[in-house]
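The structure displayed is predicted, hence computed values, not measured ones. The chains referred to below are lettered A, B, ... by the order of the sequence lines, with proteins before strands, and numbering in each begins at 1.
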Number of protein chains: 2
Amino acid sequence: MFSIGDLSRRTGVKVPTIRYYEQMGLVAAPERSEGNQRRYSRQELDRLAFIRHARDLGFGVEDIRALIDLSGHPEQPCGHADRIAEEQLLSVREKIARLKRLEAELERIASCCGGKTVGDCYVIRALSDHALCTDEHG
Amino acid sequence: MFSIGDLSRRTGVKVPTIRYYEQMGLVAAPERSEGNQRRYSRQELDRLAFIRHARDLGFGVEDIRALIDLSGHPEQPCGHADRIAEEQLLSVREKIARLKRLEAELERIASCCGGKTVGDCYVIRALSDHALCTDEHG
DNA sequence: TGTAATTCCTCTAGTCACTAGAGCTTCAAG
DNA sequence: CTTGAAGCTCTAGTGACTAGAGGAATTACA
């Protein structure tokens, strides 16, 4: 049996976050000690590690809920799980593409500030005048 | 004079967001019509466009506040504006690096699901077992 | 000038995924 | 048997908005 602190150390999920997951229904409410403290089994540790891992990979809570449901029905076809992972991959790729556009724009803005005062600072001018942008961001 | 809707159409900032910015003190409270509706001048349109542009580039509200303060003092040295932009650039680069690690991991997870059912689905297995990861993410 | 459609107003509350803090109780070690 | 860490519940705050209720003002057209 693990205390909530044990669970936290083993999974890297913070204590208040574990309680929050319980409230959200992502993890089941565990047994309690006589003094009303949470006591977890190995199974619950595994589930929390699963959640942690999926969160690290950027899955949202609803995705995770779906994946957990699926993993509880091992006889079902796994197309749904695949689709969730694929969507997450697409979303990550979109974010990367968008951030790269921003990176290019910021490089341009930040690198060529030749002014000594704010009055002729390129950073401020570039932000004031969208027409200076080479690329459509956002 | 522009109504809040005009301003919204011209800058691409949504109406409730403009009111929110006013509440946050990012834009000044404008004049009002006899019937208590907001009436904006050209200057306020420019400032909102500036904010929109900076938000698109991922600057946080506090950064924008600082940049606006700076742009109101054109005689000051612009090192501070430069620094804000540089920091934003670094933060964007970090996000890109992190997302690329996730992308690699997700590609591996999503691409090689050979199972027909959840029971042997690689997506679920990979999430259950961090040891399957090639890379430390998160 | 009338009226109908659109836009505007304020206010509260919700989003996401936590995080922080107050004030109290229980547990484990020495 | 005491002390200090860890646990408990509850409320509220974060960032940057977004949604909705319920009502008032403005604008377009007949």
Interatomic distance, [X] [atom1] vs [N] [atom2] [rounded to whole Å]:
{"X": "A/Met1", "N": "C/dT26", "atom1": "CE", "atom2": "P", "answer": "19 Å"}
{"X": "B/Ile18", "N": "C/dT10", "atom1": "CD1", "atom2": "P", "answer": "13 Å"}
{"X": "A/Ile64", "N": "C/dC16", "atom1": "CD1", "atom2": "C1'", "answer": "12 Å"}
{"X": "A/Arg65", "N": "C/dC16", "atom1": "CZ", "atom2": "P", "answer": "10 Å"}

Residue pairs fulfilling side chain to side chain donor-acceptor pair (under 3.5 Å) with at least one residue in residues 39-49 of chain B, sequence neighbours excluded: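 Those involving residues 39-49 of chain B are B/Ser41-B/Glu44, B/Arg42-B/Asp46.
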For A/Gly58, does its backbone N or O pair with a side-chain atom of A/Gln88 as donor and acceptor, under 3.5 Å?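 Between the backbone of A/Gly58 and the side chain of A/Gln88 there is a qualifying donor-acceptor contact (under 3.5 Å).
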May I ask you to decide if A/Gly12's main-chain N or O and A/Arg52's side chain share a donor-acceptor pair within less than 3.5 Å?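 The answer is yes, because a donor-acceptor pair under 3.5 Å joins these two groups.
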Under a 4.0 Å N-O cut-off, is there an ion pair linking B/Glu31 with B/Arg38?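 Result for this pair is no, no salt bridge flagged.
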salt_bridge(B/Glu105, B/Lys100) N-O dist < 4.0 Å: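 Salt bridge between B/Glu105 and B/Lys100, a charged N being under 4.0 Å from a carboxylate O: no.
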Would you mind listing every salt bridge (charged side-chain N to carboxylate O under 4.0 Å, His left out) that reaches into residues 63-73 of chain A, with sequence neighbours excluded?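 Counting only pairs at least two positions apart or across chains, the salt bridge (charged side-chain N to carboxylate O under 4.0 Å, His left out) contacts touching residues 63-73 of chain A are A/Glu62-A/Arg65.
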Look at A/Ser33 and C/dT26 and indicate whether a side-chain polar atom (N or O) is within less than 4.0 Å of OP1 or OP2.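 No, no such contact exists.
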Let me have a per-nucleotide readout for nucleotides 2-23 of chain D, 5' to 3', with B, S or -, counting only protein heavy atoms under 4.0 Å. -----SSB------BBS-----
